[in-house]
Amino acid sequence: MIEIFVNDQSLHVNEGVLLIEALIQNRIDIPYFCYHEALGMDGNCRMCMVGIEGQKRPQIACDTIVKAGMRVHTTGERIEDVRRRILELELVNHPVDCPICDQAGECKLQDFYMDYGLYDSAVSKGEKVHGAKHVDLGANVMLDQERCVLCARCTRFTCNITKTHELGIIGRGDHARISTMPGRKLSNPYAMNVVDLCPVGALTSKDFRFAQRVWFLSSTPSVCHSCAKGCNIFIDHNAPKYQKERIYRFRPRRNDAVNGHFICDAGRLSYKSLNDHRLTCNNPDAMDRAKALIQAAHNIALLVDANLYCEQLDALVAFAQRIGAQLYCPNQCYYDEGFGDEWLRRPWRAANLAHINTLGITQSTPSEAHDLIISFNHPDLSSLTCKHKIAFSTHEGVEADVVLALRSWAEEAGTLINITA
Amino acid sequence: MFTFTPQNLQKIEALKSRYPSPNALALPLLWMVQEQEGTISLEAMEAAAPFCDLPPIELYRIATFYTMFKLAPTGRHHIQLCKTLSCALCGKAEILAHLQERLGIGVGEMTPDGRFSLEQVECLGSCGTAPVMQINDVNFENLTPKKIDEILKALS
């Protein structure tokens with residue numbers, strides 16, 4: 001640890017870290033486009049200028065390594081003037097289309113303009129250099145070349161993280177722009193992360209654009225249930241006027257121990273199934289009929305879904321003991337070998353299989369000796385034959401003697417145990 | 001299908017030993033493609049990429065960055081008129097107007113028969129003999145409208 005001084009405040013930081021990292025970790029405001037904690041420094045946007053005592057000119061914080069005793073200033077007339085001028089150049093060819101831009105409300109360009117800009121532009125007021133609008137890059141990603149600030153986060157993501165090399169900056173000067181090779185598409189299972197990485201409205205998600213203004217959304221921290229990895233996410237949801245609460249998108253939530261800054265596209269889009277075809281209200285006599293069926297049954301099988309939370313599974317184990325039922329969680333329906341990869345995707349497509357293992361629940365199909373199957377949202381129920389069935393289900397379309405509505409995982413709180421390997 | 005000629009393949013082998021990393025071959029490879037085919041097609045970039053151990057998008061970035069790489073076909077006689085200071089002072093505008101009138105095309109265009117294309121470029125390094133133009137690889141100096149007529153006639 002070494003000591004540095006930022007705006008005369010003493011900070012203890014690790015030796016060898018970048019100044020911008022030290023500032024971000026200590027929550028000191030610093031504007032930047034191109035730096036990203038997952039992608040590292042690039043030094044192209046020049047927004048993170050700071051004053052360092054003993055240095056003639058302002059320096060970029062993302063390309064400065066901290067030194068013991070360094071005295072740094074992130075505020076002051078001179079620094080703010082430099083930032084204002086850099087921002088002015090970033091905005092020369094930027095369209096003023098915030099009212100129709102999906103990034104509005106979570107746009108760094110907007111934020112920084114409000115923080116540091118607020119100028120009358122001194123740069124030519126002539127025709128701007130126009131770029132292509134709504135270019136479909138593939139993988140649900142739309143590009144607006146005019147809005148781009150050329151921070152190269154997206155190209156660095158496809159180059160260094162996915163190593164799929166679809167995107168690049170082509171041309172030069174005013175005409176430099178993001179593009180794929182003509183005729184090729186952005187296509188990798190993590191492509192939609194570039195939408196989150198984009199600090200401005202240049203890359204937007206085809207799935208989310210024009211669906212909702214971001215300031216109407218509430219974000220709830222959660223964990224993706226699309227596979228056993230347990231990537232941390234934010235669920236962005238809202239109840240539009242006269243409508244039920246809907247989920248509009250999943251976004252990755254940083255957790256360095258699990259998923260870092262990213263999630264896969266399949267997980268990101270898995271929110272859709274939580275909105276539609278939901279089973280919502282129970283038949284008033286359903287509980288009584290279920291009770292009668294349980295009392296009349298001699299040999300009960302209790303089928304549990306591997307996406308239930310630990311607390312729910314523990315309660316179901318107790319319930320099974322009480323009614324003398326045998327627990328099952330047939331697991332073949334969760335296995336998709338093609339889905340797994342070396343990074344975030346796991347072939348087991350259920351969130352809590354580890355706890356099913358811990359509880360020692362039988363992971364094969366129930367024998368035909370049972371005269372009643374009670375299913376807690378297990379996907380295999382329809383394919384099993386049994387004299388009587390009771391289904392607790394989150395979604396419609398389940399065939400059973402009695403069907404009861406269950407809250408989805410997004411509507412419950414609980415614990416999951418992931419499989420990281 | 002684009003393939004390098006055997007001579008170019010030999011050249012590539014010879015060049016490889018000159019650089020510490022095959023990445024450095026990107027520019028020479030693009031030049032070879034252009035010399036061989038006249039233009040650099042996407043197909044050729046894809047074919048050249050493995051030789052320099054780069055993804056095709058990197059070659060595409062380089063090819064779009066440098067104006068001397070041609071991604072679209074040019075005329076058989078590609079006229080490049082210098083627009084930098086010395087030539088501009090010595091009557092480039094008049095030469096350009098004359099060229100456009102004689103060829104019936106604007107800057108960046110090609111005659112319908114594919115014989116001539118016209119482009120303005122930065123300094124051709126011959127300021128002492130301005131105005132200058134280059135047709136393919138040959139410089140023409142001290143241009144006047146009359147001289148242009150003679151040059152074009154000789155090329156017809």
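Here is how names work: the chains are called A, B, and so on, in the same order as the sequence lines, proteins then strands, and each is numbered from 1.
- Without hydrogens or angle criteria, R172(A) side chain to F65(B) main chain gives a donor-acceptor distance under 3.5 Å.
- Under a 3.5 Å cut-off, the side chain of R61(B) and the backbone N or O of G168(A) do not form any donor-acceptor pair.
- Counting only residues at least two apart or on different chains, the salt bridge (Lys or Arg N to Asp or Glu O under 4.0 Å) pairs with a member in residues 104-114 of chain B are D113(B)-R115(B).
- Within 6.0 Å of NZ on K92(B) lie more than 12 heavy atoms contributed by other residues, nucleotides or ligands.
- Other residues, nucleotides and ligands place more than 12 heavy atoms under 6.0 Å from the OH atom of Y19(B).
- Per-residue counts of heavy-atom pairs under 4.5 Å with chain A were compared for I62(B), L42(B), L54(B), I57(B); the largest is that of I57(B).
- When the side chain to side chain contact (heavy atoms under 4.5 Å, CB included) test is applied to S126(B), the partners found at least two apart in sequence or on another chain are T129(B), V132(B), N139(B), E141(B).
- Residue-environment remark: CD (E101(B)) stays at or below the threshold of 12 foreign heavy atoms within 6.0 Å.
- Under a cut-off of 6.0 angstrom, the local environment of CG in D137(B) is sparse, with at most 12 non-hydrogen atoms contributed by other residues, nucleotides or ligands.
- For the pair T64(B) (side chain) and I170(A) (backbone), a donor-acceptor distance under 3.5 Å is absent.
- Scanning residues 145-160 of chain A against chain B with a 4.5 Å heavy-atom cutoff picks out nothing at all.
- Of all residues in residues 174-199 of chain A, those placing a non-hydrogen atom less than 4.5 angstrom from a non-hydrogen atom of chain B are S179(A), T180(A), M181(A), P182(A), R184(A).
- Counting heavy-atom neighbours within 6.0 Å of R85(A) CZ, excluding the residue itself, gives a total of 12 or less.
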